[in-house]
Amino acid sequence: MNTTLQNKDKTYIAGTYARFPVDVCRGKGSLLYDSEGKEYIDLGSGIGVTAFGSADEEWKNAVTAQLGLVQHTSNLYYTGPCADLAELLCQRTGMKKVFFCNSGAEANEGLIKAARKYASSVKGPEYSVIVTLKNSFHGRTLTTLAATGQDHYHELYQPLTPGFLSVPAEDTAALAKVLEEEKVAAVLIECIQGEGGVIPLSPSYVKKVRRLTAEKDVLLGIDEVQTGNGRTGELYAYMNYGIEPDLFSTAKGLGGGLPIGAVLLGEKLSDVFGPGDHGSTFGGNPVCCAGALNILSRIDDSLLAEVKEKSRLIFSTLTGAPGVESVSGMGLMVGIKTVKPAAQVVASCIARGVLCLTAKDKVRLLPALNIPTDLLKKALSILCEVCAES
Ligand SMILES: *Cc1c(COP(=O)(O)O)cnc(C)c1O
């Protein structure tokens with residue numbers, strides 16, 4: 001790759017990222033190109049963000065049209081795209097109100113604030129505990145790190161926000177015990193643990209979590225940051241489980257590549273926030289909302305059927321393939337346990353023009369929802385080749 005760029009990046013950018021040796025100059029759909037014109041099939045979509053791939057025409061037109069009108073107003077004024085997007089989100093989910101922000105972590109912060117404020121006003125301020133799951137991931141701010149049930153994320157940044165507990169997934173007795181013994185405001189779960197290794201929760205467990213929280217009048221929040229916006233073959237992952245959360249957060253794919261996060265508040269929480277209770281300067285930015293409105297309106301039944309069809313293709317191609325131990329996930333959110341270390345598989349794929357991700361010890365695929373089937377097949381055959389080689 002371009003080593004001048006690599007050196008400048010290493011010199012001036014804080015060392016938080018171990019980047020792959022690829023410099024991305026441009027893209028079209030599910031193809032990306034580096035500065036030497038090398039082509040890559042993109043199976044990562046910027047960690048599940050570019051829902052319709054790179055430089056999608058319709059999305060680009062929606063975004064540039066809004067850019068030409070007004071790019072930012074602050075939340076002191078009304079803007080159309082923000083209200084239109086909130087309306088569509090509520091219509092598609094049955095939720096009642098939306099708070100817009102700029103990222104997944106910030107959406108979870110908003111969700112936690114809504115839950116604590118509600119529980120405090122209904123049950124008392126001591127009802128502040130947020131229960132999450134072991135091996136979860138909820139973000140990088142101090143509060144969402146506290147929510148993240150993985151100790152190694154916590155070590156460098158003590159003290160974290162207090163009031164968080166995590167219990168093992170699939171262990172209903174552990175959850176019931178915590179709900180009995182602690183003053184809990186909300187339980188927050190990912191239906192599929194993404195960063196944790198693409199591990200779907202079982203339907204019986206998710207239903208039990210819903211039942212236990214309802215019985216105790218404890219809120220159930222779902223982190224749909226990665227699983228949301230069509231990724232799993234339903235608009236939001238909880239819709240695969242036949243449950244209704246009290247509130248949920250989303251981000252990643254919603255903006256199609258522009259930063260936007262949202263907290264969706266159900267009936268109980270529809271009036272939880274009043275003026276001044278929460279806010280964000282950039283939240284609900286009209287350009288991001290115009291992009292998101294285009295994305296959300298295109299995640300319809302026919303696209304979701306396509307996602308499920310491509311998911312079946314991925315699972316049937318990889319399950320039992322040489323060098324593949326197991327395949328997990330849902331829709332176009334797939335984890336692959338390979339015989340070779342995941343990092344080695346990803347590196348070999350890069351050399352052959354396929355970009356994939358890792359999650360823990362797995363190879364992770366999060367392709368664009370509209371990846372053309374021929375490109376997907378080509379990328380999968382390269383991935384299979386790489387996995388099969390000794
Ligand atoms: C990516 C992710 C986050 C954090 O989102 P950011 O936009 O990076 O702040 C939170 N929760 C889940 C489940 C995620 O996958």
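Computed over heavy atoms, backbone and side chain alike; hydrogens, waters and symmetry mates excluded. Numbering of ligands and ligand atoms starts at 1, following listing order. These numbers were taken from a predicted model, which means no experiment stands behind them.
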(request) For ligand 1, find out whether one of its N or O atoms is nearer than 3.5 Å to an N or O atom of E106. (result) no
(message) For N102 and S280, which I'm curious about, is there any donor-acceptor pair between the side chains at under 3.5 Å?
(response) yes
(message) Considering both backbone and side-chain atoms of K252, is one of its nitrogen or oxygen atoms within less than 3.5 Å of a nitrogen or oxygen in ligand 1?
(response) yes
(request) Sort out for me which residue in E170, K207, K208 forms a side chain to side chain donor-acceptor pair (under 3.5 Å) with S202. (result) E170
(request) Give the atoms of ligand 1, by number and element, whose distance to some non-hydrogen atom of Q226 is under 4.0 Å. (result) 15 (O)
(request) Say whether G104, considering both its backbone and side-chain N or O atoms, lies within less than 3.5 Å of an N or O atom on ligand 1. (result) yes
(request) Could you tell me whether H138 approaches ligand 1 through its side chain, its backbone, both or neither, with non-hydrogen atoms closer than 4.0 Å? (result) backbone
(message) I'd like to know if the side chain of E106 pairs up with that of T141 as donor and acceptor (distance under 3.5 Å, no hydrogens or angles considered).
(response) no
(request) Distance to 0.1 Å, residue and atom name: give those for the protein heavy atom nearest to atom 11 (N) of ligand 1. (result) D223 OD2, 2.8 Å
(message) Looking only at the side chains, is there a donor atom on one of E195 and Q150 sitting less than 3.5 Å from an acceptor on the other?
(response) no
(request) For ligand 1, find out whether one of its N or O atoms is nearer than 3.5 Å to an N or O atom of A105. (result) yes
(request) List every atom of ligand 1 that sits less than 4.0 Å from any heavy atom of E190, numbering the atoms from 1 in the order shown and giving each element. (result) 13 (C)
(message) Taking 4.0 angstrom as the limit and counting only heavy atoms of N108, give me the atoms of ligand 1 inside it, by number and element.
(response) 10 (C), 11 (N)
(message) Quick check on side-chain contact (heavy atoms from CB on, under 4.5 Å): which of K113, K97, K117 does V272 satisfy it with?
(response) K117
(message) Counting the benzene-type ring for Trp, do F282 and F100 have ring centres under 6.0 Å apart?
(response) no
(message) Below a 4.0 angstrom heavy-atom separation, can you tell me which part of S103, side chain or backbone, both or neither, approaches ligand 1?
(response) both
(request) To the nearest 0.5 Å, tell me how far Y238 OH sits from L220 CG. (result) 10.5 Å
(message) Against Y33, only a single residue in K38, K28, E39 fulfils side chain to side chain donor-acceptor pair (under 3.5 Å); can you say which?
(response) E39
(request) Verify the contact flag for atom 8 (O) of ligand 1, where contact means a protein heavy atom under 4.0 Å away. (result) no
(request) With heavy atoms under 4.0 Å as the rule, classify the contact between I47 and ligand 1 as side chain, backbone, both or neither. (result) neither
